[in-house]
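Within every chain, numbering begins at 1; the chains are lettered A, B, ... in the order of the sequence lines, protein sequences first and strands thereafter. Predicted, not measured: the structure shown is a model, and the values here were computed from it.
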There are 2 protein chains.
Amino acid sequence: MTTSTDAPRRTRIQQEKRELILEAALEVFSTNGFRGSTIDQIAEAAGMSKPNLLYYFRRKEDIHETLMQRLLDTWLAPLRELDDIGDPMTELRNYIRRKLEMARDFPRESRLFANEILQGAPRIMPLLAGELKTLVDEKAAVIKSWMRAGKIARTDPWHLIFSIWATTQHYADFDVQVRAVLGPDRGGDGRFEDAARFLEQLFLDGLKPKN
Amino acid sequence: MTTSTDAPRRTRIQQEKRELILEAALEVFSTNGFRGSTIDQIAEAAGMSKPNLLYYFRRKEDIHETLMQRLLDTWLAPLRELDDIGDPMTELRNYIRRKLEMARDFPRESRLFANEILQGAPRIMPLLAGELKTLVDEKAAVIKSWMRAGKIARTDPWHLIFSIWATTQHYADFDVQVRAVLGPDRGGDGRFEDAARFLEQLFLDGLKPKN
DNA sequence: CTAACGTTTGTCCAATCGGTCAAAAATTTG
DNA sequence: CAAATTTTTGACCGATTGGACAAACGTTAG
């Protein structure tokens, strides 16, 4: 009896090396894009020779594809958790906070995704129009029900989701710019807490003065 | 007496062809990134042979550099116009609207910029930490004075600017995703008006219900 | 006309790319 | 131990890349 039944059965070494390669590829792909990255770069980052790497992944595209598949699951997890039960305002605040934490803790994943979308999403277009659209439509309906119940202000739920994506991922995708503008003093580790505070206020009360 | 005195003097043909190349290069670079684009692609898009293109720009990098230099000027123009005099809330609303219009009318420029930042801004880092930081700091001071005067709510001006950049440029940089999620019905030309309405409400009042 | 100058292109080159292959090295199995 | 299997690598290949170059072409001035 083997460990796995259906999935392509792999030895311990194969699993470890594949993981090593994917880790290295994430680093390389996220900073150079797909076409800008070379197999040699990934192989060197993974500490092995190019033919050795190609022994585990036959083609460069296979690495990228595996990476993207894994990414989408974890990337959409926070949105999936957006729950119908529970206080709407708290749910949204938690969602924003979780997305910002992901931008802080997994910036490479964010940039990998951004790279793909920027270039027209040639490899994941079906997923966007399928799985992603379904999920967003579903959550938009939830948000709409909150609006009907008077729990949050009436706006466009889809653009609301876009704005949360945009503002949080900005701190991963445009990190260089953020740090350059904030400077050495304010661009340190504290910038994510500052961002969290600001975003909470923005999405709660907007900019209108209180009196 | 020639037309220009200091700048490298160029014939009419040179000016026209250089313009043609830059237009073609904007198209190619913004969709494939720098390393993902080839001189052949740009030459073909410009309707000329590769050696002919290299007659006007000696190196691939020169095209990209020229493009980036021009870009930054026009790209930061809206922020430069943010004016101390005039009603703060109106000034901010106009800034957001102008930025959104730029995302709609110049998506290629936005994507070219995003591509550069995503990959660590290797070619324009000095500009970010210099010119850009200076401008943002200056405008942050203006916004801060508005807050002190009680004209807008107190928050972090820098992160406010980031959030405006993020939300507006999102509609250019992530256009494929936006259209895929909105679907054929709502993803048409009207999406920018919907976005404008949503963003105005978000930045004005946030999401708290009016009760 | 012709000489001078600006423009265009076919051809070529070295470097790099993704990927193959056979053989060596390491590991597992009996 | 030895045989079988898996893992690793050096050498190599055709295609593509950025760029060089000289020759051809077009235009203009005298």
Side-chain angles (χ1 to χ4, degrees), chain A residues 1-4 7-29 31-68 115-116 119 122-123, chain B residues 1-4 7-29 31-68 115-116 119 122-123:
Chain A
M1 188 180 179
T2 51
T3 322
S4 95
R9 78 191 54 175
R10 291 182 178 120
T11 69
R12 182 185 47 85
I13 292 184
Q14 274 172 349
Q15 284 195 8
E16 286 175 2
K17 294 287 168 128
R18 281 177 65 94
E19 224 50 49
L20 199 71
I21 292 169
L22 288 172
E23 158 65 24
L26 174 61
E27 184 71 28
V28 176
F29 278 144
T31 56
N32 299 111
F34 180 76
R35 290 208 49 189
S37 304
T38 72
I39 300 183
D40 284 291
Q41 282 177 321
I42 300 172
E44 195 196 332
M48 61 181 69
S49 66
K50 182 169 65 170
N52 196 188
L53 182 148
L54 286 165
Y55 169 72
Y56 294 101
F57 291 90
R58 308 179 91 101
R59 296 178 308 149
K60 181 184 171 187
E61 269 200 288
D62 291 347
I63 312 176
H64 192 263
E65 200 182 309
T66 308
L67 227 39
M68 291 299 291
N115 254 311
E116 177 72 9
Q119 311 196 350
R123 280 167 263 270
Chain B
M1 187 181 180
T2 51
T3 321
S4 96
R9 77 192 55 178
R10 293 183 177 119
T11 68
R12 181 184 50 84
I13 291 184
Q14 274 173 348
Q15 283 196 8
E16 287 173 3
K17 294 286 168 124
R18 280 177 65 96
E19 224 51 49
L20 200 71
I21 291 170
L22 288 172
E23 157 66 25
L26 175 61
E27 184 71 28
V28 176
F29 278 144
T31 56
N32 300 109
F34 180 75
R35 289 207 50 187
S37 306
T38 71
I39 301 184
D40 283 291
Q41 284 177 321
I42 301 172
E44 194 196 331
M48 63 180 69
S49 65
K50 182 169 65 171
N52 195 188
L53 183 147
L54 286 166
Y55 171 71
Y56 293 103
F57 291 91
R58 307 180 92 102
R59 297 179 307 150
K60 182 185 172 186
E61 268 200 285
D62 291 349
I63 312 176
H64 191 264
E65 200 182 310
T66 308
L67 228 38
M68 291 298 292
N115 253 309
E116 177 72 10
Q119 312 194 350
R123 281 167 262 271

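When the P atom of C:dT8 is taken as reference, atom CZ of B:Phe57 falls 14 Å away, rounded to whole Å. The NZ-P distance, from A:Lys17 to C:dA26, rounds to 13 Å in whole Å. Taking atom CG on B:Leu53 and atom C1' on C:dT7, their separation rounds to 13 Å, with Å as the unit.
Regarding contacts with the backbone of C:dT7, a side-chain N or O of B:Tyr55 is found under 4.0 angstrom from either OP1 or OP2. For B:Gln14, no side-chain nitrogen or oxygen approaches OP1 or OP2 of C:dG6 to under 4.0 Å.
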### Task
List the steps and the verdict of side chain to side chain contact (heavy atoms under 4.5 Å, CB included) for B:Lys17 and B:Met48.
CA-CA 10 Å; B:Lys17 294 286 168 124; B:Met48 63 180 69; 3.9 Å; yes

#### Entry: Full working for side chain to side chain contact (heavy atoms under 4.5 Å, CB included) between A:Arg123 and A:Met68
CA-CA 9 Å; A:Arg123 280 167 263 270; A:Met68 291 299 291; 5.8 Å; no

### Task
Evaluate the criterion side chain to side chain contact (heavy atoms under 4.5 Å, CB included) for residue pair B:Leu67 and B:Phe29; output intermediate values, then yes/no.
CA-CA 10 Å; B:Leu67 228 38; B:Phe29 278 144; 3.8 Å; yes

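The shortest non-hydrogen separation linking B:Ser37 to B:Gly33 is OG-O, 2.5 Å. Across every non-hydrogen atom of A:Ile21 and A:Ile42, the tightest pair is O-CG2, 4.1 Å.
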Check: protein-nucleotides 11-17 of chain C nitrogen or oxygen pairs below 3.5 Å:
none

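With hydrogens and angles ignored, the 3.5 Å screen pairs a side-chain donor or acceptor of B:Gln41 with a backbone N or O of B:Thr38. A:Glu19 places no side-chain N or O within 3.5 Å of a backbone atom of A:Glu16 that could act as its donor or acceptor partner. Using a distance-only test at 3.5 Å, with no hydrogens or angles considered, a donor-acceptor pair links the side chain of A:Lys60 to the main chain of A:Phe34.
If A:Tyr56 and B:Arg59 are placed on DNA chain D by their nearest nucleotide, the residue sitting closer to the 5' end is A:Tyr56.
Taking 4.0 Å as the cutoff to heavy atoms of chain B, we find the contact window on DNA chain D bounded by D:dT17 to D:dC21.
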